[in-house]
2 protein chains.
Amino acid sequence: MAHTYEFPRPALTVDCVVFGLDDEDLKVLLIERDIPPYEGKWALPGGFVRVGEDLEAAARRELQEEAGVSKVYLEQLYSYGAPKRDPREHVVTVAYYALVKLSDHQVRASTDARSVAWFSVDDLPKLAFDHDKIQRAAHDRLRGKVRYQPIGFELLPDKFTLRQLQHLYETVLDRELDKRNFRKKILGMDLLVDLNEVETDVAHRAARLYRFDKKKYQRLEKKGFNFEI
Amino acid sequence: MAHTYEFPRPALTVDCVVFGLDDEDLKVLLIERDIPPYEGKWALPGGFVRVGEDLEAAARRELQEEAGVSKVYLEQLYSYGAPKRDPREHVVTVAYYALVKLSDHQVRASTDARSVAWFSVDDLPKLAFDHDKIQRAAHDRLRGKVRYQPIGFELLPDKFTLRQLQHLYETVLDRELDKRNFRKKILGMDLLVDLNEVETDVAHRAARLYRFDKKKYQRLEKKGFNFEI
DNA sequence: CCAAAAGTGTTTCACGTACACCCATGC
DNA sequence: GCATGGGTGTACGTGAAACACTTTTGG
């Protein structure tokens with residue numbers, strides 16, 4: 001079935017940069033393309049926006065279909081529309097980035113035949129289209145935003161240690177932080193709930209587990225409180 | 001001439017929130033629509049993206065065509081794609097915001113028949129489509145960004161007084177600033193060139209004129225300098 | 001000479017930063 | 001008992017914020 005318009009239109013897609021964090025480093029989820037162009041190359045998950053579909057809904061649908069990822073933090077990044085960014089025709093893409101709790105999202109095969117894998121942001125293959133540029137922009141945005149908004153918690157399990165939290169910031173910001181100053185600052189905000197539990201299966205003194213109090217943060221935010229690391 | 005595609009596509013537009021500053025307040029440039037939908041209503045300048053045209057180029061073209069505005073600071077804001085945001089069909093828009101030097105851009109009639117006018121951001125008419133929402137987002141972005149990037153100078157003439165500069169920040173941030181602290185901070189950055197000229201035609205002591213040293217800022221920025229008000 | 005805005009320093013306080021040692025636990 | 005990371009306090013310096021008077025100019 002064909003669709004006809006009075007004037008030609010660019011095609012419209014969404015693409016997602018999905019970040020996850022493990023003990024080593026920050027990772028990005030990529031899919032291997034099984035059709036031209038860039039067949040066999042790694043690319044960001046994404047696809048065409050359907051008529052009548054909201055942009056964010058399209059991004060969530062593609063994440064689910066291509067990578068089995070759902071219920072994640074998702075934020076619009078930027079729109080890219082250089083005429084030649086897709087060799088087939090003029091395709092404008094609205095890019096999003098997502099933060100997932102790797103512990104909840106085991107690296108699982110996609111629902112279709114394509115392979116899906118996590119790559120370290122420091123060791124990415126060459127990506128299809130202008131996806132390198134989009135990935136870098138997402139990484140920059142994450143680095144900038146993580147300091148002023150409590151989005152980092154989206155990368156950790158619900159229960160986490162201060163060590164894990166500090167490691168998160170050190171990884172994303174790519175610099176070392178002072179342990180005492182970090183703890184003083186983060187505990188001083190009074191936004192972490194001490195769960196009175198400790199981690200298990202560690203070969204040393206077990207650390208206390210905390211939970212981020214999102215409700216409290218939202219209340220404070222309305223009153224002018226500014227999160228900052 | 002008709003254009004046919006295998007799958008239906010949303011239409012794609014760009015819209016621009018153009019800010020200007022005068023002695024009283026922050027202003028937004030609007031155009032009066034002369035065709036349905038929302039005929040006779042005020043709206044943001046904008047229009048359809050052509051195939052083969054870059055998004056920013058489309059925004060600049062529409063600004064020129066609809067409002068006679070050119071060579072302005074322009075930055076992508078956000079993309080809006082709610083299916084019902086345009087009553088005709090699914091139209092996705094990439095929104096931009098622009099900062100213009102009102103002194104250089106006299107409020108002039110548009111090149112076509114529509115009327116164009118500046119409105120105070122505090123006293124806007126009801127806008128067509130979801131343009132209210134877009135305008136608010138642009139205003140929020142401007143408020144947030146002006147403190148960390150030297151974009152405020154785009155709203156002032158090339159030669160300006162410290163009074164004008166402070167007034168700009170007070171207007172955009174919507175709070176009063178201490179004169180001595182402001183001057184100390186801004187002059188301390190050493191990014192303003194003292195032109196050894198003074199303003200004219202004022203009924204009191206004339207203030208010195210300064211120019212923002214953009215080149216110097218760009219050099220410092222690369223070395224890790226952070227602008228901040 | 002009066003009105004109006006330009007221009008100028010100091011003190012205080014909060015916060016960021018640097019820094020080192022003892023403690024608890026598993027093996 | 002030893003290796004490993006958990007957990008804690010203080011001193012210092014920088015920078016933000018509060019604050020008032022004199023100077024210049026035009027009318």
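Throughout, a chain's letter reflects where its sequence line sits, starting with A, and its residues are numbered from 1. What you are looking at is a predicted structure, and each value in this text was computed from that prediction instead of being measured. Values below: every heavy atom of this structure, side chains too, minus hydrogens, waters and symmetry copies.
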Measuring from the side chain of [X] (C-beta onward, heavy atoms only), which nucleotide among [options] has the closest atom?
X	options	result
B/R163	C/dA6, C/dT25, C/dC19	C/dA6
B/K184	C/dA5, C/dT10, D/dA20	C/dT10
A/R180	D/dC19, D/dG6, C/dC19	C/dC19
A/K179	D/dG7, D/dC19, C/dT17	D/dG7
B/A203	D/dT8, D/dG27, D/dA18	D/dG27
A/R208	C/dG9, D/dG7, D/dT4	D/dG7

Distance in angstrom units between [X] [atom1] and [N] [atom2], rounded:
X	N	atom1	atom2	value
B/L162	C/dG7	CG	P	7 Å
A/D194	D/dG6	CG	C1'	13 Å
B/Q164	C/dA5	CD	P	14 Å
B/Q166	C/dA6	CD	C1'	12 Å
A/D178	C/dC15	CG	C1'	14 Å
A/D201	D/dG6	CG	P	15 Å
B/N181	C/dT12	CG	C1'	12 Å
A/L165	D/dG7	CG	C1'	15 Å

DNA chain D: 5'-proximal contact among A/H204 and A/V198 (nearest heavy atom): A/H204
Below 4.0 Å: OP1/OP2 of C/dG7 and any side-chain N or O of B/R183: yes
Once the angle between the rings of [X] and [Y] is folded into 0 to 90°, is it parallel (under 30°), tilted (30 to 60°) or perpendicular (over 60°)?
X	Y	answer
B/F182	B/Y169	tilted
B/F160	B/F153	tilted
A/Y97	A/F19	perpendicular
A/W42	A/F119	perpendicular

Qualifying residue for side chain to side chain contact (heavy atoms under 4.5 Å, CB included) with B/H131, from B/R85, B/K41, B/K126: B/R85
Look at the side chain of B/R205 and the base of D/dT23, then say whether one donor and one acceptor between them are separated by less than 3.5 Å. yes
Between A/A206 and B/T161, which residue's closest nucleotide on DNA chain C lies nearer the 5′ terminus?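 Looking at the nearest nucleotide for each, B/T161 comes out on the 5' side.
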